[in-house]
Amino acid sequence: MTSLRLPGLIDPHVHLREPGAIHKEDFESGTKAALAGGFTTILAMPNTSPPLIDDDSLTLAEIAAAQKAVCDYGIHLGASPQNIETAASLAPRSSGLKLYLDATFGPLHLTDLNIIREHFGRWPHQRPILCHAEDRTLAAVLMVAYLEKRSVHICHVSRRSEIEIIRDAKMRGLDVTCEVGPHHLYLSTDDIPRLGAGRSEVRPRLATPDDVAALWANMDIVDCIATDHAPHTLAEKDSDNPPPGFPGLESSLPLMLTAVHDSRITLDDLVNKMVHNPRRIFDLPEQPDTYVEVDVDGEWTVREKGVSRCGWTPFAGMPVRGQVRRVVLRNQTVYEDGSFFASPGSGRNVAPAHQDKGS
Ligand code: NCD
Ligand code: ZN
């Protein structure tokens, strides 16, 4: 077996559905899926039920994670009209502030420019702000970040118009970073007939082959590969009202190692986008004695069911390279060949307030 050793991967964009929808995923099943995919730190999104926008809701997620997580984690706070004055006080307990500015799953969609600007002005300047901002909304957000003299991280970039405006903004010195999801690199509108209407629903939507080509052509300015792991069950995806979202934790490293094999990116690019850049952008602690062993011999085929509770993947049947064999976290084997050896609750919260407590 030809084995490759990588640092523990970091995914800054994961939906774990706890509190509120643990039939889709919870902190244990989601962090196990993370380990199986080679991730040893994940940052959880706030569009849960209730959404994570105040002390009470954030506490619910913190307690669940402290009891169940098997890898390290941070929890993003959601921006809402209700927490303009209080969000900043929760910054030490969170990994960033997420603004949902375009159509999404959950109740956190923000449209009022005054509220958006207030959040940008009040959130601590040294802590991350993440935005779901597509097309023209992205241009508006770049202007707000510029006027408020602060950084902004753009989630799941999917279109030519978006990656090109980010390139131009970076060239002019704006403090902007961005992530792309493997599903927007490997799937397009051409795949919708094959996947079916419900199973191809995702936000941002699958884009055109020209958009996909633009993402690949601009990989040099893509800071992070983020899974946007957004699990919904097959029954939900095949229903009359399918929620948007794909699982991604278990397929993303094999897909990106396939890109390395096909010479679309280098292995250094992969490690920068899946380890070093997310650590820098989200100011995350080092994980000593932590690594992932990957079998890079030959091709294998993505299976429909993985560790995630959602029970499906849009990549089923796709030939890929690179299988995670073993994950070592802080000198302990936590995953090996399909088995987990980490006790629930052994994952650490990476938010500044929790690091200070050494928890
Ligand atoms: C996400 C979800 O299901 O929470 N869905 C998605 O299609 N990406 C919501 C989001 O990331 O905006
Ligand atoms: Zn998301």
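All values below come from the heavy atoms of this structure, side chains included, with hydrogens, waters and symmetry mates left out. Everything quoted here is computed from the prediction, not taken from an experiment. The first residue of the sequence shown is numbered 1, and numbering continues consecutively from there. Counting starts at 1 for both ligands and their atoms, in listed order.
At a heavy-atom distance under 4.0 Å, atoms from both the backbone and the side chain of Val202 approach ligand 1. Of the heavy atoms in Glu201, none comes closer than 4.0 Å to ligand 1. Looking at Phe246 against ligand 1, nothing comes within 4.0 Å, counting heavy atoms.
Summary of contacts: the protein heavy atom closest to atom 10 (C) of ligand 1 is Thr104 OG1, 3.5 Å. With respect to atom 7 (O) of ligand 1, the closest heavy atom belonging to the protein is Arg203 N, 2.7 Å. Arg17 NH2, 3.4 Å is the protein heavy atom nearest to atom 2 (C) of ligand 1. If you check which protein heavy atom lies closest to atom 5 (N) of ligand 1, you get Pro244 O, 3.1 Å. Given atom 11 (O) of ligand 1, the protein heavy atom at minimum distance is His15 NE2, 3.1 Å.
For ligand 1, the atoms lying closer than 4.0 Å to a non-hydrogen atom of His132 are 12 (O). Within the listing of ligand 1, atoms 12 (O) sit less than 4.0 angstrom from a heavy atom of Tyr100. Counting atoms of ligand 1 from 1 in the listed order, those under 4.0 Å from a heavy atom of Asp228 are 8 (N), 11 (O). Residue Ala230 approaches ligand 1 through these ligand atoms, each under 4.0 Å from one of its heavy atoms: 1 (C), 2 (C), 3 (O), 5 (N). Atom numbering of ligand 1 starts at 1 in the shown order; those under 4.0 Å from a heavy atom of His13 are 11 (O).
Assignment of Met45 to the shell around ligand 1 is not supported, since no heavy atom sits closer than 4.0 Å.
The existence of a salt bridge linking Glu179 and Lys273 is excluded, since no basic side-chain nitrogen approaches an acidic carboxylate oxygen closer than 4.0 Å. Of the charged side-chain nitrogens involved, at least one lies within less than 4.0 Å of a carboxylate oxygen, so that Arg5 and Glu293 count as a salt-bridged pair. Under the 4.0 Å criterion applied to side-chain N and carboxylate O atoms, Asp175 and Lys170 are not assigned as salt-bridge partners. Under a 4.0 Å N-O distance rule, the pair Arg167/Glu164 does not qualify as a salt bridge. Between Asp238 and Arg199, at least one side-chain nitrogen of the basic residue sits less than 4.0 Å from a carboxylate oxygen of the acidic one, meeting the salt-bridge criterion.
The Zn ion (ligand 2) has an N, O or S atom of His15 inside 2.8 Å of it.
Summarising the geometry, atom CE belonging to Met1 is positioned 7.5 Å from atom CG belonging to Asp297; distances are rounded to the nearest 0.5 Å.
Using a 30° and 60° split on the angle between ring planes, His153 and Phe282 fall in the perpendicular class, above 60°. Note on ring orientation: taking the six-membered ring where Trp is involved, the planes of His156 and His13 are tilted (angle from 30° to 60°).
When NE2 of His13 and OD1 of Asp228 are joined through the Zn ion (ligand 2), the resulting angle is 90° to the nearest 10°.
Applying side-chain hydrogen bond (donor to acceptor under 3.5 Å, both in side chains) to His232 and the options Glu201, Lys24, His15 leaves one that passes, Lys24.
Between Glu250 and Ala36, the shortest heavy-atom contact is CG-CB, 4.4 Å.
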